[in-house]
Amino acid sequence: MTGSGASGVDLSDVLLAVERAAPVDALEAVTRSIGSHLEASWVSFLVADMSGRALVRLSHVPLGAVLDARQQDQDVAVVLPFDGGPQEQALRGQRVLVQAAGDVFVVRAPVTQRGEVIGLLEIALPAPPPDATVQAVARAAHTLAFVIIANRRHTDLFEWGQRTTAFTLAAEIQRRLLPASFTCEADSFTLAGWLEPAANIGGDTFDYSLARDELHLSITDAVGHGVQSALTATLCVGSLRNTRRGGGTLLEQAEAANLALLDHAPGGFTFATGMIGRLALRTGILSVVNAGHPTPLLIRDTAAQQVPLPANRPFGVLRHRPYREAQIALQPGDRLVLVTDGMLERGAADLDLPMRLQHLSGLHPREVVRVLGDLVLEVAGPTLSDDACLLVLDWYGGHGTTRHTAAGADLHRSSTPAPAAA
């Protein structure tokens with residue numbers, strides 16, 4: 001992203017402004033720099049709410065009450081629920097939209113990095129923008145994604161803005177167990193996860209890590225509810241990550257998690273079900289260990305079917321019984337869906353997950369998990385008795401080829417674009 005004026009934004013100027021600012025001021029420094037380069041009437045950033053159902057406008061104002069907004073010190077967060085309008089259209093369709101609004105033209109560009117939707121950049125320009133300017137805004141939004149990712153490590157501001165509902169202690173613990181990004185796009189696959197928490201946290205988690213030629217993934221479900229369930233999940237996920245990062249095999253990961261729960265169980269006894277996997281990116285062979293967990297669903301040619309796997313005991317049940325590993329051979333175009341029992345049992349049984357997955361086969365995994373999250377709340381909510389967690393993996397083949405992207409999102413695998421605003 002080079003150049004300056006109405007046709008471009010100087011990346012070095014943006015990064016210099018960010019480094020000079022405190023982490024809580026980095027966002028304002030970037031938007032001010034972008035607005036100046038593009039001669040904008042105004043610039044705004046909206047962060048994606050944790051629920052996936054709203055955007056939140058963050059702003060910095062002098063002390064004083066602000067109507068219809070949350071306020072912390074001098075920071076204000078205003079929630080804008082999705083209503084099918086141009087903000088939601090730009091975000092869902094992952095494309096830049098231009099809309100006339102009075103005497104300005106508002107350009108809305110998704111702020112996305114490797115498929116993760118971080119928020120939306122809005123820039124008001126005094127004249128209809130040429131294509132070069134629209135592309136400059138898209139590049140600026142992509143740069144903003146990296147700025148936010150870098151600076152949110154140092155401040156609670158962005159996460160505070162995203163939290164439109166209060167967290168319990170158990171929810172806070174559970175949140176820390178989830179990956180920093182719920183979506184990952186690469187040449188050969190797209191992965192997206194989601195968690196709809198119960199009113200009393202049920203200890204569900206998902207995780208992944210992308211290596212050079214392998215994708216590691218897991219989904220787990222700790223027994224019970226509340227803080228004890230969250231602590232069980234912490235032992236389970238912490239052990240799986242520790243063994244994985246030490247180069248351990250799937251069987252070694254499973255055994256380590258089993259021993260961690262046996263040796264350190266809060267309350268003396270606990271257990272967790274889980275599915276851990278390692279996908280060979282060059283071949284599409286997914287090696288898995290199923291520890292007493294619901295079997296995955298495979299969508300191939302739009303038809304959904306369960307994948308039979310050898311049954312293993314849950315983590316934390318028996319000390320001296322070996323785990324067994326299985327393999328699933330994925331074909332280009334396959335979609336594999338891993339879920340916890342909160343997506344299948346109790347009120348969620350009315351969801352008819354296989355049928356829903358067939359109908360959603362054309363959507364990006366990021367949108368699939370969002371839609372299914374909405375549906376499980378519709379049939380079993382509005383508050384859930386158990387966590388509902390899912391992980392959707394699309395396999396394309398072609399590991400190592402060039403990924404075709406625009407501003408942080410795959411061009412040919414994005415969700416079906418929403419209609420443009422008038």
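- Between Arg346 and Asp386 there is a side-chain heavy-atom pair separated by less than 4.5 Å.
- Remark: the backbone N or O of Ala150 is paired with a side-chain donor or acceptor of Arg153 at under 3.5 angstrom.
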>> Walk me through whether Leu261 and Thr232 qualify under side chain to side chain contact (heavy atoms under 4.5 Å, CB included).
In response: CA-CA 7 Å; Leu261 295 187; Thr232 297; 4.0 Å; yes
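- Within 6.0 Å of atom CZ in Arg20, 12 or fewer heavy atoms from other residues, nucleotides or ligands are found, so the atom counts as exposed in its surroundings.
- Stacking of Arg70 on the aromatic ring of Trp160 is recorded, both the 6.0 Å distance cut-off and the 45° axial limit being met.
- Annotation: cation-pi geometry satisfied between Arg313 and Tyr323 (NZ/CZ under 6.0 angstrom from ring centroid, within 45° of ring axis).
- For the residue pair Ser229 and Gly224, the shortest heavy atom distance occurs at OG-O, 3.4 Å.
- The closest donor-acceptor contact from the side chain of Thr112 to the backbone of Gly115 lies at 3.5 Å or more, if one exists at all.
- Between the side chain of Asp387 and the backbone N or O of Gly202, at least one donor-acceptor pair lies under 3.5 Å.
- For the residue pair His399 and Asp213, a side-chain donor N or O sits within less than 3.5 Å of a side-chain acceptor on the partner.
- Under 3.5 Å, the side chains of Gln305 and Arg300 contain no donor-acceptor pair of N or O atoms.
- Asp187 approaches Gly398 most closely through the heavy-atom pair CB-O, 3.9 Å.
- Under a 3.5 Å cut-off, the side chain of Asn290 and the backbone N or O of His293 do form a donor-acceptor pair.
- Ala265 and Thr270 make their closest contact through CB-CG2, 3.6 Å (heavy atoms, listed as atom of the first residue, atom of the second, distance).
- At most 12 non-hydrogen atoms from other residues, nucleotides or ligands lie less than 6.0 angstrom from CZ of Arg321.
- Considering OG of Ser209 and NE2 of His216, their distance stands at 5.5 Å, rounded to 0.5 Å.
- Looking at heavy atoms from C-beta onward, Val47 lies out of side-chain contact with Leu55 at the 4.5 angstrom threshold.
- Between the side chain of His37 and the backbone N or O of Arg32 there is no donor-acceptor pair closer than 3.5 Å.
- When every heavy atom of Gln113 is checked against every heavy atom of Ala145, the shortest pair comes out as CB-CB, 4.0 Å.
- The CG atom of Leu375 sits 8.0 Å away from the CE atom of Met343 when rounded to the nearest 0.5 Å.
- The structure places CG of Leu279 at 7.0 Å from OG of Ser188, a figure rounded to the nearest 0.5 Å.
- A donor-acceptor contact shorter than 3.5 Å is absent between the side chain of Arg163 and the backbone of Phe158.
- Side chains of Asp49 and Thr164: a donor-acceptor N/O pair is present below 3.5 angstrom, by distance only.
- A donor-acceptor pair is defined here as one N or O able to donate and one able to accept, closer than 3.5 Å; such a pair exists between the side chain of Asn258 and the backbone of Gly316.
- Note that CG of Leu217 is 9.0 Å distant from CZ of Phe189, once rounded to the nearest 0.5 Å.
- Looking at Leu120 and Glu122, their side chains come closer than 4.5 Å, going by heavy atoms from C-beta outward.
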>> Quick one, Val289 with Met275, criterion side chain to side chain contact (heavy atoms under 4.5 Å, CB included). Give me CA distance, side-chain angles, the key distance, then yes/no.
In response: CA-CA 6 Å; Val289 173; Met275 183 95 60; over 6 Å; no
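- The side-chain heavy atoms of Glu116 and Arg366, taken from C-beta on, include no pair separated by under 4.5 Å.
- For the side-chain contact (heavy atoms from CB on, under 4.5 Å) with Trp42, the lone residue among Ile123, Thr31, Val106 that qualifies is Val106.
- The closest side-chain heavy-atom distance from Gln89 to Leu97 is below 4.5 Å.
- Judged by distance alone, with hydrogens and angles left aside, the side-chain atoms of Gln162 form a donor-acceptor pair with the main-chain N or O of Ala48 at under 3.5 Å.
- Within a 6.0 Å radius of CG in Asp263, other residues, nucleotides and ligands contribute more than 12 heavy atoms.
- Side chain to side chain, Ser181 and Arg114 fail the donor-acceptor criterion of an N or O pair below 3.5 Å.
- In this structure, Ser239 and Ala257 approach most closely via the heavy-atom pair OG-N, 3.2 Å.
- A donor and an acceptor atom, one from each side chain of His364 and Glu185, are located under 3.5 Å apart.
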> For Leu344 and Leu353, what are the C-alpha separation, side-chain angles and deciding distance, and is it a side chain to side chain contact (heavy atoms under 4.5 Å, CB included)?
Replying inline: CA-CA 7 Å; Leu344 302 170; Leu353 190 58; 3.9 Å; yes
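- Between atom CG of residue Leu157 and atom NE2 of residue His154 there is a gap of 13.5 Å, rounded to the nearest 0.5 Å.
- Checking side-chain atoms of Thr155 against main-chain N and O of Asn151 turns up no donor-acceptor pair under 3.5 Å.
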>> Determine whether Glu172 and Arg175 satisfy the following criterion, salt bridge (Lys or Arg N to Asp or Glu O under 4.0 Å), listing intermediate values before the conclusion.
In response: CA-CA 5 Å; Glu172 183 68 48; Arg175 175 70 181 179; over 6 Å; no
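- The minimum heavy-atom distance between Leu391 and Ser218, with the atom names listed, is CD2-O, 3.8 Å.
- Contact of the Arg278 side chain with the Gln253 side chain is registered, since non-hydrogen atoms from C-beta on lie closer than 4.5 Å.
- Side chain of Gln174 to backbone of Asp204: a donor-acceptor contact under 3.5 angstrom is found.
- Leu121 is listed as a side-chain neighbour of Val43, based on a closest heavy-atom distance under 4.5 Å.
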>> Glu88 vs Arg53, test: salt bridge (Lys or Arg N to Asp or Glu O under 4.0 Å). Steps then yes/no.
In response: CA-CA 9 Å; Glu88 183 176 2; Arg53 302 174 182 95; over 6 Å; no
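- Contact check for Leu336 versus Val307: side-chain heavy atoms found under the 4.5 Å cut-off.
- Salt bridge Glu159/Arg176: present, at least one basic N to carboxylate O contact under 4.0 Å.
- Checked by atom type, the side-chain pair Thr220/Thr205 shows a donor-acceptor distance below 3.5 Å.
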> Step by step, would you call Leu377 with Leu384 a side chain to side chain contact (heavy atoms under 4.5 Å, CB included)?
Replying inline: CA-CA 7 Å; Leu377 287 176; Leu384 301 179; 3.8 Å; yes
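- With rounding to the nearest 0.5 Å, the separation of CG in Leu250 from CD in Glu255 is 13.5 Å.
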